[in-house]
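Reckoned from all heavy atoms, side chains included, excluding hydrogens, waters and symmetry mates. Numbers for residues simply follow the sequence, beginning at 1.
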Amino acid sequence: MSLLENLYNVAVNILRPLLPAFGAASPKVSAAVEGRRVAAGDIVRWAERERDPFRPLLWLHGASAGELAGAIPVVECVRSESPGLQLLVTYSSPSAESVLDELDPDHAGYPPLETMADCREAIEGSRPDALVFAKLDAWPALTRAAADVGVPLGMINATVRPSSTRLRGPGRQLLVPSYGRLDGVGAVAEGEIERLEMLGTRTEAIRVTGDASFERALERVDRAREVESGGAGRLPPRATNRIRLCAGSTWPEDERVLIEAAATLARSPSVAESGVGLDLVLVPHEPDASAVKRIRELCLRHLGVEPRLWSEGPTLPPEASGVESPAPLVVDAVGFLAELYLECDLAWVGGGIGGEGLHSVVEPAAAGLPVLFGPVHDRWEAREMVRQEIAIEAPPEETAPVLADLLADPRRRADMGSRARTYVESGRGATEASARLVLELLDGSRVR
């Protein structure tokens with residue numbers, strides 16, 4: 001155990017009595033703090049009741065919903081090869097609870113508090129055959145506790161953004177031993193290898209497997225297309241001179257930028273001359289009453305109209321045949337974003353201006369749409385899509401001009417959308433390669 005890891009362990013133990021004060025910041029933080037405080041005991045009690053020593057146990061950890069969602073097809077593939085598999089899932093953010101039904105774990109909850117005592121209690125009590133991290137969220141004490149008792153460690157869909165604080169300063173020094181303990185790492189692309197090595201990952205432990213979230217996105221979109229072809233769409237009909245933009249998983253800053261851009265376009269002489277208008281479909285990340293209220297205020301302030309609500313049975317107003325955009329449609333429900341993308345011409349992905357991080361840019365690309373998002377993000381696939389000119393990174397002040405150009409150029413929209421779908425399809429095979437890595441870790445544990 002490195003000196004910095006020892007200091008980290010001491011610091012966490014010192015701060016432990018103060019954790020309830022951190023939890024007072026918000027209900028989500030409170031849930032995470034309390035969850036981690038009692039996690040080791042919860043895991044041990046589950047193992048005492050339900051752990052079958054004759055069946056392999058995979059411990060999968062992901063920071064939040066996005067990381068765990070990308071691991072879903074891998075888990076399904078591993079289960080097909082190892083039908084008796086038990087699955088323990090841990091996560092750092094309560095958002096992960098939204099994907100637990102698809103993962104179908106035997107036990108799920110927060111990881112143990114980052115002290116050696118708690119992590120040893122959880123590892124020794126559950127006796128996993130492998131501990132696998134989804135994307136990046138490897139923890140020092142947890143990796144050390146697992147390595148000390150010979151549990152194989154792995155990472156799938158592994159990626160490290162070039163600007164990550166993990167690559168420099170104390171953060172890197174703290175994490176180097178953790179990444180050095182990894183026995184198998186599936187990188188999303190060749191470009192990740194150097195950064196993973198900088199974090200201490202052994203060269204021989206790394207292989208390029210791709211990102212399994214690509215195949216998950218293709219599956220979700222193709223399933224949605226089948227549903228759509230069997231009945232009426234989710235959205236109302238529209239006039240032929242309307243270009244519909246679906247803004248998925250938006251945060252307040254996304255909504256402000258898009259509604260201001262829509263107002264700018266409605267006043268634009270060039271847009272009026274083209275005869276093509278923009279329809280906004282806003283899908284808030286948290287579609288509660290407060291989201292509807294803030295969008296209503298923005299629409300009244302900038303567009304002079306009330307938004308329409310999906311829950312009220314939206315219909316296209318008669319004036320929609322003009323260039324002025326009709327009132328934005330607010331989707332105040334969850335669970336069918338993929339279907340909405342299929343009924344639109346453009347996609348904006350929320351979280352790249354303000355929020356808790358950019359959401360999935362792969363799903364709208366799988367739907368064959370040009371994809372736009374804000375400039376603040378850490379997603380490798382978003383960077384690659386911008387590089388290939390199948391997505392556009394639009395700062396707030398440039399959003400209206402970018403949209404105006406796309407409205408005026410149907411050939412560009414079609415080309416971007418077609419190449420976006422092709423890009424996602426190029427990721428096929430990642431699920432099988434990642435599952436093979438996980439199975440090798442599980443097999444290695446049984447050999448030892």
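Partners of E190 under the side-chain contact (heavy atoms from CB on, under 4.5 Å) rule, at least two apart in sequence or in another chain, are I193, V208. In this structure, the side-chain contact (heavy atoms from CB on, under 4.5 Å) partners of A247, at least two apart in sequence or on a different chain, are L245, T250, L258, L282, W348. With sequence neighbours excluded, the residues forming a salt bridge (Lys or Arg N to Asp or Glu O under 4.0 Å) with E253 are R256, listed by chain and number. For E389, the salt bridge (Lys or Arg N to Asp or Glu O under 4.0 Å) criterion is met by no residue, not counting sequence neighbours. For E381, the side-chain contact (heavy atoms from CB on, under 4.5 Å) test picks out F214, V361, V362, R379, Y423, with sequence neighbours left out. Take H107 and apply the ring pair (Phe, Tyr, Trp, His ring centres under 6.0 Å) test, not counting sequence neighbours, and it matches W46. Residues that satisfy the ring pair (Phe, Tyr, Trp, His ring centres under 6.0 Å) test with Y91, not counting sequence neighbours, are Y110. With sequence neighbours left out, A146 forms a side-chain contact (heavy atoms from CB on, under 4.5 Å) with I123, L131, V151, L153.
Checked by atom type and distance alone, the side chain of E215 pairs as donor or acceptor with a backbone atom of G429 at under 3.5 Å. Checked by atom type and distance alone, the side chain of E339 never pairs as donor or acceptor with a backbone atom of R234 at under 3.5 Å. Within the 3.5 Å criterion, the main-chain N or O of A40 finds no donor-acceptor partner in the side chain of D118. For S80 (side chain) and C77 (main-chain N/O), a donor-acceptor pair under 3.5 Å exists by modelled atom type. Under a 3.5 Å cut-off, the side chain of S434 and the backbone N or O of A430 do form a donor-acceptor pair. Side-chain atoms of S93 come within 3.5 Å of backbone atoms of S95 as a donor-acceptor pair (strictly under, hydrogens ignored). Of the possible polar contacts, none joining the E393 side chain to the G374 backbone as a donor-acceptor pair under 3.5 Å is found. Using modelled atom types, no side-chain atom of R412 and backbone atom of A408 make a donor-acceptor pair closer than 3.5 Å. In terms of modelled atom types and a separation under 3.5 Å, the side chain of N157 and the main chain of S213 share no donor-acceptor contact. With R172 contributing its side chain and M198 its backbone, the two residues share a donor-acceptor pair below 3.5 Å.
Applying the salt bridge (charged side-chain N to carboxylate O under 4.0 Å, His left out) definition to pairs two or more places apart or across chains, none involves residues 55-76. Applying the salt bridge (charged side-chain N to carboxylate O under 4.0 Å, His left out) test to pairs two or more places apart or on separate chains, none has a residue in residues 328-338. Within the structure, salt bridge (charged side-chain N to carboxylate O under 4.0 Å, His left out) contacts touching residues 290-299 (residues at least two apart or in different chains) are E255-R294, K293-E297, R296-E306. Applying the salt bridge (charged side-chain N to carboxylate O under 4.0 Å, His left out) test to residues at least two apart or on different chains, the pairs with a partner in residues 84-104 are E102-R216.
Annotation: side chain of F133 is not in contact with side chain of Y179 (no heavy-atom distance under 4.5 Å). Residues L406 and L346 form a side-chain contact, since some pair of their non-hydrogen atoms from C-beta on lies under 4.5 Å apart. W310 has its side chain out of reach of V330: every pair of non-hydrogen atoms, C-beta onward, lies at least 4.5 Å apart. L442 places a side-chain heavy atom less than 4.5 Å from the side chain of L85. In this structure, P140 and E114 have side chains that are in contact, with non-hydrogen atoms separated by less than 4.5 Å. At least one side-chain heavy atom of P236 sits less than 4.5 Å from a side-chain heavy atom of R308. Proximity of R195 to S164: side-chain heavy atoms (C-beta onward) are nowhere separated by under 4.5 Å. Taking 4.5 Å as the limit, every side-chain heavy atom of H61 sits out of range of all side-chain heavy atoms of V132.
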Yes or no on side chain to side chain contact (heavy atoms under 4.5 Å, CB included) for W59 and I43, after CA distance, side-chain angles and deciding distance?
CA-CA 11 Å; W59 182 332; I43 290 170; 3.9 Å; yes
Residues E226, R223; criterion salt bridge (charged side-chain N to carboxylate O under 4.0 Å, His left out); working and verdict:
CA-CA 5 Å; E226 291 176 6; R223 191 188 315 130; over 6 Å; no
Worked verdict on L199 versus L167 for side chain to side chain contact (heavy atoms under 4.5 Å, CB included)
CA-CA 6 Å; L199 277 171; L167 295 173; 3.9 Å; yes
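Rounded to the nearest 0.5 angstrom, L196 CG and L182 CG are separated by 9.0 Å. Note that CD1 of I259 is 7.5 Å distant from NE2 of H302, once rounded to the nearest 0.5 Å.
Checked for salt-bridge contact, R387 and E384 meet the test: a charged N lies under 4.0 Å from a carboxylate O. Checked for salt-bridge contact, R242 and D279 meet the test: a charged N lies under 4.0 Å from a carboxylate O. Look at D415 and R419 and you find a salt bridge, because one of the NZ, NE, NH1 or NH2 atoms lies within 4.0 Å of a carboxylate O, short of that distance. Between R207 and E440 there is a salt bridge, since a side-chain N of the basic residue sits under 4.0 Å from a carboxylate O of the acidic one.
Considering all non-hydrogen atoms of both residues, A138 and T143 come closest at CB-CG2, 4.4 Å. Listed here is the closest heavy atom pair of V371 and A365: CG2-N, 3.9 Å. Here the closest heavy-atom approach between residue L441 and residue G154 is recorded as CD1-CA, 3.6 Å. In this structure, A39 and P111 approach most closely via the heavy-atom pair CB-O, 3.3 Å. Nearest heavy-atom pair across D183 and P152 is OD2-CA, 3.3 Å. For the pair R166 and L136, the tightest heavy-atom approach, listed with the atom from each and the gap, is NH1-O, 3.2 Å.
Here the options are R161, M385, E192, the test is side chain to side chain contact (heavy atoms under 4.5 Å, CB included), and the partner is W380; only E192 passes. Of the options L369, V221, I390, a side chain to side chain contact (heavy atoms under 4.5 Å, CB included) to R421 is made by V221 and by none of the others.
Side chains of W139 and S178: a donor-acceptor N/O pair is absent below 3.5 angstrom, by distance only. The closest side-chain donor-acceptor pair between S92 and D137 falls under 3.5 angstrom.
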